[in-house]
Trainee: 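Below: one structure in structure tokens.
Basis for what follows: all heavy atoms, side chains included, without hydrogens, waters or symmetry-related copies.
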Amino acid sequence: MTRRATVNYHVHKTERQAFEIDAGGIKGKLISPELAPTQVDVTDVREHLGALPFTENSVGFASAVTGIRSFDVQRNWQHTYDAELAQLLAVEIGAAETVVFDHTVRVDDPDASRKPARNVHSDYSPQGAEQRLIDILGKDKAADWSTGHYAFINVWRPIAAPINSAPLGFIRPSSVAAQDWILLDLIYPDRTGQIMGLAANPNHEWVYLSRMTPDEVAYFNIYDNRGLPSVGHSALDMTEDPNINTVRRSIESRTLVRYAA
């Protein structure tokens with residue numbers, strides 16, 4: 001089934017562009033570069049998951065029942081959930097070692113400090129990924145990992161209720177041209193990183209999994225040092241059922257994985 005949704009693409013400019021996070025020291029304040037709202041066709045892959053292999057599309061979906069019932073701010077759940085994610089990635093993509101280094105709970109509410117990301121992007125540039133590897137592991141261990149096969153993989157899960165609005169959508173990498181990518185700075189109060197934005201292209205093939213539940217996940221490639229493409233993604237402005245009023249809540253976990261070969 002194909003649906004219509006609105007996404008916010010980035011725009012090519014001659015000057016370098018940036019997001020400012022917690023701008024001016026105000027938590028949750030975001031200053032964004034120019035974005036271009038664009039309507040796109042999105043294919044629901046719920047009935048055709050076997051046609052979307054991770055090794056070709058850099059995204060996969062899985063049933064992944066969790067023992068965590070509340071992702072509260074105290075994070076007493078983190079050790080257990082990290083172990084669940086490591087097991088998930090071992091099974092789904094063959095990860096031999098997993099380092100979970102960040103969890104972000106997002107709520108689609110104007111007052112939330114972290115809202116769904118409504119810009120078409122991937123989380124790291126190649127340079128940003130290489131620096132993040134050092135930040136997480138230290139120079140010596142990062143050098144060791146760099147001799148083998150490693151990747152940054154995100155895992156996204158709904159919280160509390162099935163997703164009825166603003167689901168997470170992905171662009172099949174085979175439909176993306178190299179010139180679609182735009183290097184963007186990500187400016188925090190204490191550091192600067194880099195991400196990759198995507199400009200609009202009518203050839204982009206968008207996919208999503210409809211009505212994802214808290215016992216389902218999307219796992220997707222952000223950077224792979226052996227060349228698996230990074231996958232562009234964004235929250236989709238669309239609603240499954242206008243009669244349902246649940247708020248979109250999700251947790252996105254960032255991981256660093258090492259493959260056996």
Side-chain angles (χ1 to χ4, degrees), residues 1-23 26 28-45 57-59 104 106-125 154 156 158 163-187 193-212 218 220 222 229-250 252:
M1 178 185 295
T2 300
R3 303 286 304 277
R4 291 286 278 176
T6 298
V7 297
N8 296 303
Y9 278 111
H10 287 271
V11 178
H12 283 291
K13 292 182 177 292
T14 55
E15 70 275 12
R16 184 74 160 261
Q17 301 176 69
F19 283 95
E20 293 186 46
I21 313 298
D22 296 338
I26 301 172
K29 182 177 180 181
L30 175 67
I31 298 178
S32 169
E34 181 182 353
L35 297 171
T38 306
Q39 282 204 320
V40 296
D41 291 325
V42 187
T43 299
D44 179 9
V45 298
N57 294 279
S58 297
V59 59
T104 301
R106 299 184 186 275
V107 182
D108 199 7
D109 185 289
D111 297 326
S113 60
R114 300 301 298 270
K115 305 172 186 64
R118 283 183 161 88
N119 65 299
V120 187
H121 71 287
S122 186
D123 292 27
Y124 297 125
S125 66
N154 286 7
W156 187 88
I163 297 295
N164 187 60
S165 61
L168 192 59
F170 304 88
I171 304 175
R172 298 184 68 177
S174 60
S175 69
V176 176
Q179 60 266 29
D180 297 343
W181 291 104
I182 301 172
L183 182 64
L184 304 165
D185 287 327
L186 199 60
I187 302 173
Q194 291 179 337
I195 66 170
M196 300 298 294
L198 271 172
N201 183 330
N203 294 326
H204 288 170
E205 297 175 14
W206 283 88
V207 298
Y208 88 116
L209 185 63
S210 61
R211 303 177 187 273
M212 284 184 67
F220 51 103
I222 297 300
S230 182
V231 65
H233 56 280
S234 173
L236 305 170
D237 279 324
M238 59 178 286
T239 300
E240 301 279 7
D241 185 343
N243 297 312
I244 297 175
N245 297 313
T246 53
V247 174
R248 191 265 228 190
R249 291 180 169 85
S250 62
E252 185 172 341

Trainee: Going from CG on L30 to CZ on R114, what distance comes out if it is rounded to the nearest 0.5 angstrom?
Mentor: 9.0 Å
Trainee: Rounded at 0.5 Å granularity, tell me how far CD1 in I195 sits from CD1 in I182.
Mentor: 10.5 Å
Trainee: Please determine whether side chain to side chain contact (heavy atoms under 4.5 Å, CB included) holds for the pair L198 and V176, giving the CA-CA distance in whole Å, both sets of side-chain angles, and the decisive distance to 0.1 Å.
Mentor: CA-CA 9 Å; L198 271 172; V176 176; 3.8 Å; yes
Trainee: Nearest 0.5 Å, what's the CZ-OG1 distance between R4 and T2?
Mentor: 10.0 Å
Trainee: Can you tell me how far apart CG (N201) and CG (D180) are? Round to the nearest 0.5 Å.
Mentor: 4.5 Å
Trainee: Could you go step by step and tell me if S175 and E205 meet the side-chain hydrogen bond (donor to acceptor under 3.5 Å, both in side chains) rule?
Mentor: CA-CA 6 Å; S175 69; E205 297 175 14; 5.1 Å; no
Trainee: For residues 16-23, which side-chain donor-acceptor pairs fall under 3.5 Å, sequence neighbours excluded?
Mentor:
unit_1, atom_1, unit_2, atom_2, d
R16, NH2, D185, OD1, 3.0
Q17, NE2, V11, O, 2.8
D22, OD1, G28, N, 2.7

Trainee: Considering only NZ, NE, NH1 and NH2 on the basic side and carboxylate oxygens on the acidic side, decide whether R3 and D44 come within less than 4.0 Å.
Mentor: no
Trainee: Do L236 and T6 come within less than 4.5 Å of each other through their side chains, counting heavy atoms only?
Mentor: no
Trainee: Quick check for you: to the nearest 0.5 Å, what is the distance between R248 atom CZ and D109 atom CG?
Mentor: 12.5 Å
Trainee: Do E252 and F220 come within less than 4.5 Å of each other through their side chains, counting heavy atoms only?
Mentor: yes
Trainee: Report the distance from atom CG of N119 to atom CG of L184, rounding to the nearest 0.5 Å.
Mentor: 8.0 Å
Trainee: Between N8 (side chain only) and R118 (backbone N and O only), is there a donor and an acceptor less than 3.5 Å apart?
Mentor: yes
Trainee: Compare all side-chain heavy atoms of H233 with those of I222 and state whether any distance is below 4.5 angstrom.
Mentor: yes
Trainee: For residues S210 and E240, determine if any side-chain heavy atom of one lies less than 4.5 Å from a side-chain heavy atom of the other.
Mentor: yes
Trainee: Can you check whether K115 reaches R106 side chain to side chain, under 4.5 Å on heavy atoms?
Mentor: no
Trainee: Please name all residues satisfying ring pair (Phe, Tyr, Trp, His ring centres under 6.0 Å) with Y208, sequence neighbours left out, ordered by chain then number.
Mentor: none
Trainee: What donor-acceptor contacts under 3.5 angstrom involve side-chain atoms of residues 165-174, with partners at least two apart or in another chain?
Mentor:
unit_1, atom_1, unit_2, atom_2, d
R172, NE, N57, OD1, 2.7
R172, NH2, N57, OD1, 3.3

Trainee: Tell me if the centroids of the rings in H121 and H10 come within less than 6.0 Å of each other.
Mentor: no
